[in-house]
There are 2 protein chains.
Amino acid sequence: MEREFFAGFIKIHILYHAVHEGEICGSDIAREIATHGYNVSPGTLYPTLHRLEKMGYLRMTERVEGGRRRKYYHATPAGRKALEKARVKIKELVDEVMEGD
Amino acid sequence: MEREFFAGFIKIHILYHAVHEGEICGSDIAREIATHGYNVSPGTLYPTLHRLEKMGYLRMTERVEGGRRRKYYHATPAGRKALEKARVKIKELVDEVMEGD
DNA sequence: ATCCCGATATCGCGATACGATATCAGTATT
DNA sequence: AATACTGATATCGTATCGCGATATCGGGAT
């Protein structure tokens with residue numbers, strides 16, 4: 001099975017949402033990404049959240065919202081810094097590859 | 001060891017160069033990418049070229065240039081189409097994640 | 001208690017990244 | 001024509017990752 005060209009971009013997407021929305025849970029991200037025409041497998045999403053947390057980029061707080069147990073993630077300072085760094089790098093790449101758009 | 005956030009973007013980079021430069025060999029790509037502050041491991045580059053060829057996106061022609069045996073890759077129509085599709089997708093993602101740049 | 005349901009977690013496996021290492025083929029040197 | 005040199009390409013080993021499928025978990029309703 002062939003993997004999407006932009007697989008792995010999900011990490012940045014998640015980081016972005018955690019920084020931008022203040023806090024966000026897995027299903028929120030799944031919904032958000034789905035509205036953009038993608039779909040993230042839970043088998044990708046949740047391990048990625050855990051990884052980002054373990055890296056020290058996200059911190060988790062559990063809470064019950066709308067009758068559901070949810071795990072909200074917010075970005076740490078290290079997470080914000082990592083996002084900035086990633087954005088710079090991506091911009092460089094995009095500026096080259098997207099030439100003419 | 002932690003993988004780069006934008007690993008896997010290399011495929012698009014390679015496709016882009018194959019389309020844009022007409023034809024390109026592995027070491028050219030390595031050099032090109034290096035000038036942009038990245039470095040691609042040959043253990044990533046060559047298997048990726050082979051994969052793209054197997055996918056039908058690149059075609060290879062062997063030639064001796066400057067006293068060196070080189071394998072030049074050029075994009076097939078399918079390769080061009082794949083690049084376009086990838087660019088659209090990436091643009092969508094970037095427009096969202098890069099908000100405010 | 002039991003069922004329902006959405007959120008989260010895990011499993012299994014193929015795909016991928018990538019440093020390290022090897023191979024391969026022209027060229028120059030002898 | 002054998003050898004050494006050099007840059008290009010290939011492969012190996014291993015950790016990481018993606019992801020569909022499947023399981024679990026917990027709050028609320030019946």
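Scope of the values below: all heavy atoms of this structure, side chains included, with no hydrogens, waters or symmetry mates. Letters go in sequence order (proteins before strands), and every chain restarts at 1.
- The two residues B/Phe9 and A/Val94 make their nearest non-hydrogen contact at CZ-CG2, 4.4 Å.
- Per the geometry, NE2 belonging to B/His50 stands 14 Å off P belonging to C/dT16, to the nearest Å.
- Nearest heavy-atom pair across B/Ala82 and B/Leu15 is CB-CD1, 4.2 Å.
- A/Ala34 is linked by a side-chain contact (heavy atoms from CB on, under 4.5 Å) to nothing, counting only residues two or more places apart in sequence or in another chain.
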Between the protein and nucleotides 24-30 of chain D, are there any N/O to N/O pairs under 3.5 Å, and if so, what are the atom names and distances?
unit_1	atom_1	unit_2	atom_2	d
D/dG26	N2	A/Arg68	NH1	2.9

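- Put simply, the side chain of B/Met60 reaches to within 4.5 Å of the side chain of B/Glu62, judged on heavy atoms.
- Within the 4.5 Å cutoff, side-chain heavy atoms of A/Leu58 are placed close to those of A/Ile14.
- Whole-Å rounding puts the B/Arg70 CZ to D/dG7 P distance at 11 Å.
- Atom CD1 in A/Ile33 sits about 15 Å away from atom P in C/dA7, given to the nearest Å.
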Show me the donor-acceptor pairs, under 3.5 Å and distance only, between side chains in residues 40-57 of chain A and residues at least two apart or in other chains.
unit_1	atom_1	unit_2	atom_2	d
A/Ser41	OG	A/Gly43	N	3.1
A/Thr48	OG1	A/Thr44	O	2.5
A/His50	ND1	A/Tyr46	O	3.3

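- Within the structure, the side-chain hydrogen bond (donor to acceptor under 3.5 Å, both in side chains) test picks out no pair touching residues 2-11 of chain B (sequence neighbours left out).
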Name the pairs: protein N/O against N/O of nucleotides 19-22 of chain C, kept only if under 3.5 Å.
unit_1	atom_1	unit_2	atom_2	d
C/dG19	OP2	B/Ser41	OG	3.4
C/dG19	N7	B/Ser41	OG	2.8

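- Base contact: B/Arg3 has a heavy atom under 4.0 Å from a base atom.
- Between A/Leu93 and B/Ile12, every side-chain heavy-atom pair lies at or beyond the 4.5 Å cut-off.
- Contact check, A/Tyr46 against C/dA9: no side-chain N or O comes under 4.0 Å of OP1 or OP2.
- Residue pairs that meet the salt bridge (Lys or Arg N to Asp or Glu O under 4.0 Å) test with at least one member in residues 30-46 of chain A, sequence neighbours left out, are A/Asp28-A/Arg31.
- The nearest whole Å value for the distance from the CG atom in A/Leu49 to the P atom in D/dC19 is 14 Å.
- Fit an axis to the five pairs at each end of the helix from C/dA1-D/dT30 to C/dT30-D/dA1 and the two axes sit 10° apart, to the nearest 10 degrees.
- Between the CZ atom of B/Phe5 and the P atom of C/dC18 there is a distance of 14 Å, given to the nearest Å.
- Annotation: side-chain hydrogen bond (donor to acceptor under 3.5 Å, both in side chains) contacts involving residues 71-83 of chain B, sequence neighbours excluded, comprise B/Arg70-B/Tyr72.
- Every residue two or more places apart in sequence or in another chain that forms a ring pair (Phe, Tyr, Trp, His ring centres under 6.0 Å) with B/Phe6 is listed here: B/Tyr38.
- A donor atom on one side chain and an acceptor atom on the other are not found under 3.5 Å apart for A/His36 and B/Glu92.
- A/Met55 places its CE atom 10 Å from the P atom of D/dT16, with the value rounded to the nearest Å.
- Partners of A/Glu23 under the side-chain hydrogen bond (donor to acceptor under 3.5 Å, both in side chains) rule, at least two apart in sequence or in another chain, are A/Arg63.
- In this structure, B/Lys71 atom NZ and C/dT23 atom P are separated by 16 Å, rounded to whole Å.
- Interface residues of residues 11-32 of chain B facing DNA chain D, ordered by number: B/Cys25, B/Gly26, B/Ser27, B/Arg31; criterion, heavy-atom separation under 4.0 Å.
- With sequence neighbours left out, the side-chain hydrogen bond (donor to acceptor under 3.5 Å, both in side chains) criterion links B/Glu21 to B/His17.
- For the pair B/Arg51 CZ and D/dA10 P, the interatomic distance rounds to 14 Å; values are reported in whole Å.
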